[in-house]
There are 2 protein chains.
Amino acid sequence: MAFSKKEEFNRNDIWLADVAKALSHPARIKILKILTGMNDCMCGDIVELLPLSQSTVSQHLKELKSVGLITGKIDGPKVCYCINKANLQKAKSEIDKLFNQVCAC
Amino acid sequence: MAFSKKEEFNRNDIWLADVAKALSHPARIKILKILTGMNDCMCGDIVELLPLSQSTVSQHLKELKSVGLITGKIDGPKVCYCINKANLQKAKSEIDKLFNQVCAC
DNA sequence: ATCGTTAATCGTAAATATACGATAGATGGA
DNA sequence: TCCATCTATCGTATATTTACGATTAACGAT
């Protein structure tokens, strides 16, 4: 069988897992780093810095956006992608909380 | 096409992505929390606390073990699973480093 | 109004992940 | 020795992810 049982877990663990999933591909980690270095960054700029096609990069951006780690503002024919600091901060603190619980680091 | 391009990214980003992937299912997050509460914990104990079959739990344990977040010591017919504090600490500090880079939290 | 640029979405293919039951292998006890 | 217990692995089915090219849609400029 293969319909997911994810929903049977608690809300916060599901949310943490979703954030972790957003970070679970090196392209998406690199995209976050790229967005950090450039304040005003469109999809095409990112495509040039990755070994992936435009459509694939667009999919990765969509995943990061869907969990709120980045935002995309429409700017004419372009889209300006930015880091979402508030949500990253929240993600960081929840991940820290998990690690502190789990290993008392 | 669909053979992965992950290897074309840098080592550290790949490692971070692998750790994040290990955390990308709520069952695995819950397993980490369960192992924290119980010092000496066998697979069967975990199965009872999750809405999943024994074989599925075994697979999740294998994934956590493969990135080094937990260890499994054979103890007679049982296997004693434990948190790997050293590796969790390393994971925590690398994830922190990423977040600090990216959002200056 | 048409053209070029930009990015999302569609359609598709292949790989990987999630889940289960059944089986196999290893151990300890009767 | 034989049995019960425990867990990994096998085989399998379905869902999701990764990746691409082609197309669509939206905009600005000519």
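Heavy atoms only: backbone and side chains are in, while hydrogens, waters and symmetry mates are out. Just so we're on the same page: letters track the sequence lines, and every chain starts at 1.
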Practice problem: Indicate, with a heavy-atom threshold strictly under 4.0 Å, whether B/Ile74 touches base, sugar-phosphate, or nothing. | Solution: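 If one applies the 4.0 Å heavy-atom cut-off, B/Ile74 turns out to touch nothing in the nucleic acid.
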Quiz item: Where do B/Lys65 and B/Gly72 come nearest, in terms of heavy atoms and distance?
Solution: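 Heavy atoms only, the tightest pair is CD-N, 3.9 Å.
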Could you state the atom-to-atom distance from [atom1] of [X] to [atom2] of [N] in whole Å?
X       : N      : atom1 : atom2 : value
A/Leu52 : C/dA7  : CG    : C1'   : 16 Å
B/Asp45 : D/dC6  : CG    : C1'   : 11 Å
B/Lys21 : C/dA15 : NZ    : P     : 15 Å
B/His25 : D/dA15 : NE2   : P     : 15 Å
B/Asp18 : D/dT18 : CG    : P     : 12 Å
B/Arg28 : C/dA17 : CZ    : P     : 9 Å
B/Ile31 : C/dT18 : CD1   : C1'   : 13 Å
A/Glu7  : D/dA15 : CD    : P     : 16 Å

Is there any protein nitrogen or oxygen under 3.5 Å from a nitrogen or oxygen in nucleotides 8-11 of chain C, and what are the pairs?
from  : atom 1 : to      : atom 2 : distance (Å)
C/dA8 : OP1    : A/Tyr81 : OH     : 2.2
C/dA8 : OP2    : A/Ser58 : OG     : 2.6
C/dA8 : N7     : A/Gln54 : NE2    : 3.0
C/dA8 : N6     : A/Gln54 : OE1    : 3.0

Practice problem: Measure the spacing between CD1 of A/Ile70 and SG of A/Cys82 and express it to the nearest 0.5 Å. | Solution: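 One finds 9.0 Å between CD1 of A/Ile70 and SG of A/Cys82.
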Quiz item: Got a second to check how far A/Phe9's CZ is from B/Arg28's CZ, nearest 0.5 Å?
Solution: 10.0 Å
Can you name the atoms? Protein N/O to nucleotides 1-4 of chain C N/O, anything below 3.5 Å, with the distance.
none

Self-check item: Residue mapping more 5' on DNA chain D - nearest nucleotide basis, A/Asp75 or A/Lys6
Solution: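 It is A/Lys6, whose closest nucleotide lies nearer the 5' terminus.
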Exercise. For B/Met42 and for A/Ser24, find the nucleotide of DNA chain D with the closest heavy atom, then tell me which residue's nucleotide is more 5'.
Key: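 The answer here is B/Met42.
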Quiz item: Under 4.0 Å between a side-chain N/O of A/His60 and OP1 or OP2 of D/dT17, yes or no?
Solution: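 False: A/His60 side-chain N/O out of range (4.0 Å or more) of D/dT17 OP1/OP2.
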Quiz item: For C/dC20, does either OP1 or OP2 sit under 4.0 Å from a side-chain N or O belonging to A/Lys5?
Solution: yes
Note, [X] side chain near [Y] side chain (heavy atom, < 4.5 Å):
X       : Y       : value
B/Ile29 : A/Ile14 : no
B/Asn84 : B/Leu64 : no
B/Leu69 : B/Ile83 : no

Self-check item: Check: A/Thr56/A/Ser53 side-chain N/O donor and acceptor closer than 3.5 Å
Solution: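 Yes, A/Ser53 and A/Thr56 have a side-chain donor paired with an acceptor closer than 3.5 Å.
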Quiz item: Among side-chain atoms of B/Asn10 and A/Lys30, is any donor-acceptor pair under 3.5 angstrom?
Solution: no
Quiz item: Hey, quick one: are B/Leu49 and A/Val102 part of the same hydrophobic cluster, counting side-chain heavy atoms closer than 4.5 Å, chains of contacts allowed?
Solution: yes
